[in-house]
Amino acid sequence: MTTEILFYCRDCKKIVEGVRKGTKYEYTCPDCKGERVAFGTEKAICDFFSVRKLSKNA
């Protein structure tokens with residue numbers, strides 16, 4: 001069983017395709033160009049940001 005890593009933009013409040021910034025574990029949002037992108041499993045993102053259900057189209 002593999003676990004999918006999701007990227008969540010804290011500015012857009014939605015799942016995005018994180019764009020890696022440099023060589024560190026820092027990502028930017030391709031939609032709003034924000035730099036506040038968190039990454040983790042769906043359960044971790046939902047629990048930490050108090051999101052009920054995530055979808056890539058939301």
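None of the values given here were measured: they were computed from a predicted structure. Just the heavy atoms: all of them, side chains too, but no hydrogens, waters or symmetry mates, feed the values below.
- Environment of CZ in Phe49: crowded, with over 12 heavy atoms of neighbouring residues, nucleotides or ligands closer than 6.0 Å.
- Both Tyr8 and Leu6 belong to a common hydrophobic cluster when Ile, Leu, Val, Met, Phe, Trp and Tyr are linked at side-chain heavy-atom distances under 4.5 angstrom.
- With a 6.0 Å radius and a threshold of 12 heavy atoms from other residues, nucleotides or ligands, Glu26 has its CD atom above the threshold.
- Between Cys12 and Asp31, the closest heavy-atom pair is SG-CB, 4.4 Å.
- Note that the CD atom of Glu17 and the OG1 atom of Thr28 stand 12.0 Å from one another [nearest 0.5 Å].
- When the side chains of ILVMFWY residues are joined at heavy-atom separations under 4.5 Å, either directly or via intervening members, Val19 and Ile5 end up in two distinct hydrophobic clusters.
- In this structure, the separation between CZ on Arg10 and SG on Cys32 is 11.5 Å, given to the nearest 0.5 Å.
- Using a 4.5 Å cut-off on side-chain heavy atoms (C-beta onward), Lys21 and Val37 make no contact.
- Cation-pi geometry between Arg20 and Tyr25 is met: under 6.0 angstrom from the ring centre, within 45 degrees of the axis.
- For Cys29 against Val16, the heavy-atom pair with the smallest separation is SG-CG1, 3.7 Å.
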